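A short write-up of the structure that comes next.
A quick note: this is a predicted structure, and the numbers were derived from the prediction, not measured. Order of listing sets the numbers, starting from 1, for every ligand and every atom in it. As a basis for the values below, the full set of heavy atoms in this structure was taken, side chains included, without hydrogen atoms, waters or symmetry mates.
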Amino acid sequence: MKAIDIRGLTKTYENGVQALKGVDLCVEQGDFYALLGPNGAGKSTTIGILSSLVTKTSGEVSIFGHSIDTALEKAKSCLGLVPQEFNFNQFETLEQIVVNQAGYYGVPRRTALERAEKYLTQLELFDKRHHRARELSGGMKRRLMIARALMHEPEMLILDEPTAGVDIEIRRGMWDFLKDINNDGKTIILTTHYLEEAETLCRNIGIINSGEIVVNTSMQELLASL
Ligand code: ADP
Ligand code: ADP
């Protein structure tokens, strides 16, 4: 099963910028995949289209076999997004933030509270569940967004520059957590501009530059070719 199947994807923004110029990209279920590339390459645009925050110009996109054109809700339910910017309400408590998220996906409240305990504990945030999000450090906010993305138990997690601005100790903790959930079967895709991060975590890698995939290979082969 393919977690992601992208064919001939293009995106031209209203201002005429061609952010994607015909991207083909497949990610298998269970993979840990890095989309690597410099600033402005098209990583966020790709992720934005996958998570339906950005509309595509042309091309085909399927998520776990569900086309975003014909089965958007099913496609969306397979995917948990951890965006780059902190986009939660800073005045809500951690528990409110994750429980409300589950609510958007129709998860019953009792189940949502159980999951909140589970995922906040896994991300070492459970003690803070009644604190407002604004009181958290940057690394904790990042982990909160991971917990939030897991609340509807999607098959796949997509993280946009997950460790940008996170100090090294917290970064290692996040890496270990992501490896653990990948070992338990969750497909993980992340964007990064740190080769080291991709190297530490990922099995397969795509390199995007100026809206085109220029390399698509296993991490092992990439390192052997350097
Ligand atoms: P990356 O995530 O790799 O840094 P992006 O996908 O954010 O790259 O950007 C790809 C290109 O599209 C860049 O040239 C960027 O300036 C442009 N771009 C991104 N978002 C918008 C937007 N909302 N409107 C116009 N141009 C955009
Ligand atoms: P930032 O971290 O960029 O300073 P804020 O803390 O101002 O962001 O806001 C973060 C989120 O909280 C945003 O989604 C915003 O809409 C929301 N928000 C801002 N002010 C209030 C408020 N007074 N009451 C409720 N929500 C707010």
Next item on the list: Starting from atom 12 (O) of ligand 1, locate the nearest protein heavy atom and write down its residue, its atom name and how far away it is, to 0.1 Å.
Entry: Ala19 CB, 3.4 Å
Notebook entry, point to check: Is a donor on one side and an acceptor on the other found under 3.5 Å between the side chain of Asn182 and the backbone of Leu178?
Noted result: no
Check: At a 4.0 Å threshold, what atoms of ligand 1 neighbour a non-hydrogen atom of Ala41?
Finding: 1 (P), 3 (O), 8 (O)
Margin query: Among Val61, Asp24, Leu50, Ile213, which residue satisfies the side-chain contact (heavy atoms from CB on, under 4.5 Å) criterion with Leu9?
Written below: Val61
Can you give each donor-acceptor pair under 3.5 Å made by side-chain atoms of residues 31-43, sequence neighbours left out, with the distance rounded to 0.1 Å?
residue: Asp31; atom: OD1; partner: Asn204; partner atom: ND2; Å: 3.2
residue: Asp31; atom: OD2; partner: Asn204; partner atom: ND2; Å: 2.9
residue: Tyr33; atom: OH; partner: Gly206; partner atom: N; Å: 3.2
residue: Tyr33; atom: OH; partner: Asn216; partner atom: OD1; Å: 3.0
residue: Lys43; atom: NZ; partner: Gly37; partner atom: O; Å: 2.7
residue: Lys43; atom: NZ; partner: Pro38; partner atom: O; Å: 2.9

Notebook entry, point to check: Does even one non-hydrogen atom of Pro38 get within less than 4.0 Å of ligand 1?
Noted result: yes
Check: So which protein heavy atom does atom 11 (C) of ligand 1 come closest to, and at what separation?
Finding: Gly40 O, 3.6 Å
Checklist line | Residue and atom name of the nearest protein heavy atom (relative to atom 7 (O) of ligand 1), distance in Å to one decimal | finding: Ser44 CB, 3.6 Å
Item checked: Nearest non-hydrogen protein atom, atom 6 (O) of ligand 1 -> Thr45 OG1, 2.6 Å
Next item on the list: Using a strict cut-off of 4.0 Å, indicate which atoms of ligand 1 neighbour a heavy atom of Asn39.
Entry: 4 (O)
Next item on the list: Provide, to 0.1 Å, the distance between atom 23 (N) of ligand 1 and the closest protein heavy atom, together with that atom's residue and name.
Entry: Tyr13 CE2, 3.6 Å
Notebook entry, point to check: Given Phe64 and Lys74, is the side-chain contact (heavy atoms from CB on, under 4.5 Å) satisfied, shown in steps?
Noted result: CA-CA 9 Å; Phe64 286 87; Lys74 280 189 175 155; over 6 Å; no
Notebook entry, point to check: Looking only at protein heavy atoms, which one is nearest to atom 25 (C) of ligand 1, and how far off is it?
Noted result: Asn15 ND2, 3.2 Å
Item checked: Side-chain donor-acceptor pair present, Thr57, Thr10, cut-off under 3.5 Å -> no
Margin query: Rounded to the nearest 0.5 Å, what separates atom OG1 in Thr187 from atom CD in Glu28?
Written below: 9.5 Å
Next item on the list: For Gly42 and ligand 1, answer yes if some heavy atom of the residue is under 4.0 Å from a ligand atom, otherwise no.
Entry: yes
Next item on the list: State whether a side-chain donor-acceptor pair under 3.5 Å links His152 with Gln101.
Entry: no
Notebook entry, point to check: Do Arg143's NZ or CZ and the ring of Phe177 fall within the cation-pi criteria of under 6.0 Å and 45°?
Noted result: no
Check: What protein heavy atom sits nearest atom 14 (O) of ligand 1, and how far away is it?
Finding: Val17 CG1, 3.7 Å
